[in-house]
Enquirer: 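I am attaching a structure below and will ask some questions about it afterwards.
All chains are named by letter (A, B, ...) in the order of the sequence lines, taking the proteins before the strands, and each is independently numbered beginning at 1.
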There are 2 protein chains.
Amino acid sequence: MTRVGGQGASPAAPRAVDVARRAGVSQKTVSRVFNGERYVSDDVRRRVLEAAEELGYRMNSAARALASGRTRTIGVVTLGTALYGPASLLIGIERAARDAGYALRVYNTLEGDPGGVAGAVESLLEQGVDGIVVSEPIDEGDEGSVALGVDVPVLVFGAPAPFGGPRAVTAGVGAESLARAATEHLLDLGHVTVHHLAGPQRWFAARDRLAGWRAALSARGRQQPPVLEGDWSAASGYAAGRELASAGDVTAVFAANDDMAIGVIRALTEAGLRVPDDVSVVGFDDIPVSAYVTPPLTTMRQPFDAVAHDGLRLLVQAIEKPDAEPAPANDPPIELVVRASTAPPAGRKAPARGRRSPSRSNDSAHAPPGGENGPPAAD
Amino acid sequence: MTRVGGQGASPAAPRAVDVARRAGVSQKTVSRVFNGERYVSDDVRRRVLEAAEELGYRMNSAARALASGRTRTIGVVTLGTALYGPASLLIGIERAARDAGYALRVYNTLEGDPGGVAGAVESLLEQGVDGIVVSEPIDEGDEGSVALGVDVPVLVFGAPAPFGGPRAVTAGVGAESLARAATEHLLDLGHVTVHHLAGPQRWFAARDRLAGWRAALSARGRQQPPVLEGDWSAASGYAAGRELASAGDVTAVFAANDDMAIGVIRALTEAGLRVPDDVSVVGFDDIPVSAYVTPPLTTMRQPFDAVAHDGLRLLVQAIEKPDAEPAPANDPPIELVVRASTAPPAGRKAPARGRRSPSRSNDSAHAPPGGENGPPAAD
DNA sequence: GCCCTGTATGACTGCGCTGTCATGACTGCG
DNA sequence: CGCAGTCATGACAGCGCAGTCATACAGGGC
């Protein structure tokens, strides 16, 4: 374990003390410079940085973590799928974390993974993290145990507050109000009721969308048709679409994500039903191809970036100022993207065409130019 | 910095020495147990594990990394998009890394990010990683500099060998041969030539697919129509599709990913061309909705999981046995999923319908049951 | 001139592990 | 019975930083 910089192997990496010697200062001062601490003269700072540059010095973050007790790392538990939603959220989290000066460790759990979320959290704690993000978890019936022995703040996206334990902060993606707005869009078009193709109910995200749909119908005193449940895949949407097609009385469908909506549309089309003339379909997520399928899909865009930034702000605050009262999360904007898969029910006069805001929408400042929403309508 | 476990705040986390005391052994023995070293009696091992369990002991990986010089962590640089390809590859990498006993740090870079891949690598090295994976990089004109001061093995997915520096191992996703097979599928159907909608040429992945397309055409002495270039998005595919529609002589298009293919199909359809009757379209990736768009898309599935596992095996070997000669990467399987967006050119007799293997395909053992490929054809 | 405050720096120590070496206890074999 | 070899354990040092405290000097108010 001696540090021989001898010939042959690559020389040992330079340490702070090497930089210090070269700059003619103490190791502690090098540490000060690299941590941006006060009370370092400009001259010394410059010399240290020069020496570090010349030696190719890189701080050893293991040593830093050991000495300081902080890793400057946030762990993320995501459900191991390439689903657009979780993937987008992860990207948002990564950027937000980096902006806040934290690196990221990720742990993917698949549905049915042994250990589940609790195991993932345990593993991250062992790897050393200052905080944990749980992204779009599913209900595994063990929320309590997740909290066991977790001594860092936990941010949970899209699950109820108790989930995550005592130091948890929760950030909704606002799925419920988004789902409600999506449903209301269909009701506003004149549909008497709206069918719902839900996501797997073990996912809290799926439950929220279901709840939003229920809320919209209840608020207007409409009856709630039986709920179909898919697994987020287009294949499950296709299967559900066949059921809906044979039901006969369906004029409007709200699918819990775009993939399922696309499957539904295909099944309906194959059954001889026209979308949107006979049946309107709304999706959820606004995946990149939604504007280009046939017909272009009306869908609810999720503000992943805003949600991720907002949530991470909370988490970082909980890490760095544990005593400050948590600032409340901002309400995410509601952005319904109206395309060609929704229309008034057959035999009813069409309301004004074009992009509309749902009744409860705050005016979205994020609205892209109309051209971004898809190809010019082909009607 | 004294360790007071006193009243009030949560008690300090237990250390190995606490476990040791409780189990009546030395701290070193606790270390042995947790590292699975030999020469620990069953009795002692059991006592140590019990004591650790009772105290809720978790190893401090910063201390371990500092003492051992290894972090058991692999850093991943990905291009910061929610594109299906990179996202799927990331998931595969994560699982493969975990299976090999490594945790993951991720760093997303966006196209045009300051610092680019080199900056990401530098940041990961500072965070402490034993190896680095660069996933689907783009050509930033600074490949040389990426290698500077990198003293860990680097695995590059989908970029030429020089990229990544001296300790680089490269794992292709085999995009070139996949693209060649996709193109050959269209030629086999009887098309005289095939147009190509390429991805952005800064991406090595896009260049590989272009090369594969060229190779297929050259091999049969077909002329190469001018190449269109998109940006992976369905919107760019739509734009390209309009150009193709107005060209008049197009019967077959190979798009470098499914999103663009879907955009192409929409544009062609709007222009009054039927897919596949007038124009055949092949995509690339087999994104989840491809089976359910209209028409269901013929596409080339990428074996992300196999590629990720294979690549990580190489990387882990380079980390743990730097002197062993690198085992060559296996050739990934070629799996063309034939759906309804391809057919013989108009006026020609149809070959046998149904799922076909491309001429050069090895018989894929991964082929899903026919039912998984999409809804029953609606023809 | 004196104390006080603010600024700038260094000496020393310890974070919690792993690597190395030393030391017994126990085996088998000539 | 003695010695080599294997197995099982412990003592000790040190990985490269950041925290704490000590120190030194500059300027300002009295």
Enquirer: Answer yes or no: does a side-chain N or O of B:Asn35 lie under 4.0 Å from OP1 or OP2 of C:dT18?
Expert: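 For B:Asn35, the contact criterion (side-chain N or O under 4.0 Å from OP1 or OP2 of C:dT18) is met.
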Enquirer: Counting any heavy atom closer than 4.0 Å, what does B:Tyr57 reach on the DNA or RNA strands: base, sugar-phosphate only, or nothing?
Expert: sugar-phosphate
Enquirer: Only Watson-Crick and G-U wobble pairs with both distances less than 3.5 Å should count. Give DNA chain C in dot-bracket notation, marking inter-strand partners with |.
Expert: ||||||||||||||||||||||||||||||
Enquirer: Can you work out whether B:Val17 or A:Gln27 has the more 5'-proximal nearest nucleotide on DNA chain C?
Expert: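 In this pair, the answer is A:Gln27.
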Enquirer: With a 3.5 Å cut-off and just heavy-atom distances, do the side chain of A:Glu37 and the base of D:dA18 make a donor-acceptor pair?
Expert: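 No such pair is found, so the answer is no.
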Enquirer: Compare side-chain N and O positions of B:Ser31 against OP1 and OP2 of C:dT18 and report whether any pair is under 4.0 Å apart.
Expert: yes
Enquirer: Taking the basic N atoms (NZ, or NE/NH1/NH2) and the acidic carboxylate oxygens, is any pair closer than 4.0 Å for B:Arg47 and B:Asp43?
Expert: yes
Enquirer: Among residues 39-48 of chain A, which ones have heavy-atom contacts with DNA chain C below 4.0 Å?
Expert: A:Tyr39, A:Val40, A:Ser41, A:Val44
Enquirer: Does A:Tyr107 have B:Arg98 sitting over its ring (NZ/CZ under 6.0 Å from centre, angle to axis within 45°)?
Expert: yes
Enquirer: May I ask you to evaluate whether A:Ser68 reaches the phosphate of D:dA18, defined as a side-chain N or O under 4.0 Å from OP1 or OP2?
Expert: no
Enquirer: Heavy atoms only, 4.0 Å cut-off, all strands: where does A:Arg38 land among base, sugar-phosphate and nothing?
Expert: sugar-phosphate
Enquirer: Does the side chain of B:Tyr102 reach to within under 4.5 Å of the side chain of B:Thr73, using non-hydrogen atoms?
Expert: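 The answer is no, as the side chains (C-beta and beyond) never meet within the 4.5 Å cut-off.
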Enquirer: Of the nucleotides C:dT9, C:dC17, C:dG16, which has the atom closest to the A:Leu66 side chain?
Expert: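 Looking only at side-chain atoms, A:Leu66 lies closest to C:dG16.
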Enquirer: OP1 or OP2 of C:dC17 less than 4.0 angstrom from a side-chain nitrogen or oxygen of B:Arg64, does that happen here?
Expert: no
Enquirer: Mind checking if B:Val25 touches a base, just sugar-phosphate, or nothing, with heavy atoms under 4.0 Å?
Expert: sugar-phosphate
Enquirer: B:Thr29 side chain: which of D:dT9, C:dA11, C:dG16 is closest?
Expert: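 Closest nucleotide among those given: D:dT9.
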Enquirer: Does any donor-acceptor pair link the side chain of A:Arg32 with the base of C:dG10 at a separation under 3.5 Å?
Expert: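 Looking at the base of C:dG10, it does pair with a donor or acceptor on the side chain of A:Arg32 (distance under 3.5 Å).
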Enquirer: Any side-chain heavy-atom pair from A:Leu155 and A:Ile132 closer than 4.5 angstrom?
Expert: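 They are not in contact (no side-chain heavy atoms under 4.5 Å apart), so the answer is no.
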Enquirer: Just by distance, no angles: are the side chains of A:Ser31 and A:Gln27 close enough, under 3.5 Å, to form a donor-acceptor pair?
Expert: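 No.
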